[in-house]
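Not measured: the values here are computed from a predicted model. Below, all heavy atoms of this structure are taken into account, side chains as well, without hydrogens, waters or symmetry copies. Below, chain A is the first sequence line, B the second, and so on; all start at residue 1.
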There are 2 protein chains.
Amino acid sequence: MSEQSISPRPLTKDETVRAGAAGSCNQHEVLTRLGDKWTIMVMLQLAAVPGQRMRFSALKRKVAGISQRMLTVTLRMLERNGLVIRHYFAEVPLRVEYELSPLGHSLVPMLENFSAWIAANWQDMEDARLQHDREA
Amino acid sequence: MSEQSISPRPLTKDETVRAGAAGSCNQHEVLTRLGDKWTIMVMLQLAAVPGQRMRFSALKRKVAGISQRMLTVTLRMLERNGLVIRHYFAEVPLRVEYELSPLGHSLVPMLENFSAWIAANWQDMEDARLQHDREA
DNA sequence: CTGGATCCTAAAAGATACTG
DNA sequence: CAGTATCTTTTAGGATCCAG
């Protein structure tokens with residue numbers, strides 16, 4: 001449906017193949033751990049208060065529609081992979097605070113960029129989607 | 001099991017609450033579309049050849065263990081949201097090339113940063129995970 | 001070669017109830 | 001408050017077959 005037939009020039013096999021190359025395997029590993037919606041949203045929230053800690057309940061309130069269970073699972077996974085630190089206070093009522101580790105902190109610039117990108121471009125995405133759906 | 005009892009100072013409710021604030025809703029929308037493993041991996045590959053297009057089969061080869069179906073689904077989604085452009089050539093054999101749209105291109109710096117972060121930090125993550133598992 | 005259409009299973013995630 | 005445990009529903013995703 002696009003441009004049909006008269007192509008500019010078929011890419012050679014070498015041109016098409018050559019890309020990412022090495023490291024692809026690590027990418028897969030890392031993305032399996034960090035590359036999901038909830039993980040990114042939780043990290044975005046923690047990155048939004050760089051030097052600060054956040055309580056479990058505060059995170060739950062800030063991260064849109066996350067369930068208690070998924071927040072727990074996500075935080076456990078982030079802790080396991082060394083990206084967040086969990087501070088447990090045996091008080092009444094119980095209090096637990098989370099903060100980014102140094103490793104997690106190294107992701108902050110990227111998270112802020114991403115957050116900014118979303119704010120700046122989500123409307124374009126929405127428009128593109130609506131137009132694409134009209135054409136279909 | 002961490003520091004117990006003697007806390008530094010409980011965060012006030014206001015400190016804990018104040019974060020991300022607005023835009024949270026858009027984040028959720030956007031991440032529902034882009035925030036999954038395959039989407040990020042495909043974008044990483046397309047970003048690795050900034051000015052270039054990639055054929056379906058080339059993408060399939062480069063993106064670790066993606067199945068034909070998931071690559072198709074992912075590409076359709078990216079096209080629908082205006083991040084990639086699909087070029088269809090009615091030849092024999094059929095040829096289809098994908099490239100980043102301008103909108104998709106605006107994500108390249110972030111994707112490159114992320115890719116670099118993975119290369120630089122995946123070992124730290126691995127170490128943290130192993131140590132965490134030993135302690136458990 | 002690049003998919004579309006189906007079927008099917010395993011994993012993810014929501015809801016709910018309970019506890020230190 | 002911050003979980004855990006359990007149950008159920010939903011979704012992701014692989015396998016397979018077919019087609020322009």
Closest-nucleotide 5' rank along DNA chain D - winner of A/Leu94 and A/Thr72: A/Leu94

Measure the distance from [atom1] on [X] to [atom2] on [N] and round it to the nearest whole Å.
X	N	atom1	atom2	result
A/Gln68	D/dT6	CD	P	16 Å
A/Tyr98	D/dA2	OH	C1'	7 Å
A/Met54	D/dA2	CE	P	11 Å
A/Glu97	D/dG3	CD	P	11 Å
B/Glu91	D/dG20	CD	C1'	14 Å
A/Arg76	D/dA2	CZ	P	12 Å
A/Leu75	D/dT4	CG	P	10 Å
B/Leu71	C/dT2	CG	C1'	10 Å

Heavy-atom closest contact ([X] atom, [Y] atom, distance):
X	Y	result
B/Leu94	B/Phe89	CD1-O, 3.2 Å
B/Gly82	B/Ser101	O-OG, 2.6 Å
B/Gln45	B/Val63	CG-CG2, 3.6 Å

Please tabulate, for side-chain N and O atoms in residues 68-75 of chain A, each donor-acceptor pair with protein atoms closer than 3.5 Å (sequence neighbours left out).
residue : atom : partner : partner atom : Å
A/Thr72 : OG1  : A/Gln68 : O            : 3.0
A/Thr74 : OG1  : A/Met70 : O            : 2.6

Using a cutoff of under 3.5 Å, can you pull out all pairs of nitrogen or oxygen atoms linking the protein to nucleotides 8-15 of chain D, with atom names and distances?
residue : atom : partner : partner atom : Å
D/dG13  : N7   : B/Arg69 : NH1          : 2.9
D/dG13  : N7   : B/Arg69 : NH2          : 3.3
D/dG14  : OP2  : B/Ser67 : OG           : 2.8
D/dG14  : O6   : B/Arg69 : NE           : 3.1

A/Arg86 side chain near D/dA2 phosphate (N/O to OP1/OP2, under 4.0 Å):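 No, no such contact exists.
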
Name of the residue among A/Asp36, A/Ile40, A/Thr39 meeting side-chain contact (heavy atoms from CB on, under 4.5 Å) with B/Leu31: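 It is A/Ile40, the one option of A/Asp36, A/Ile40, A/Thr39 that forms the side-chain contact (heavy atoms from CB on, under 4.5 Å) with B/Leu31.
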
Side-chain H-bond candidate by donor/acceptor type, B/Gln131 with B/Asp127, under 3.5 Å: no

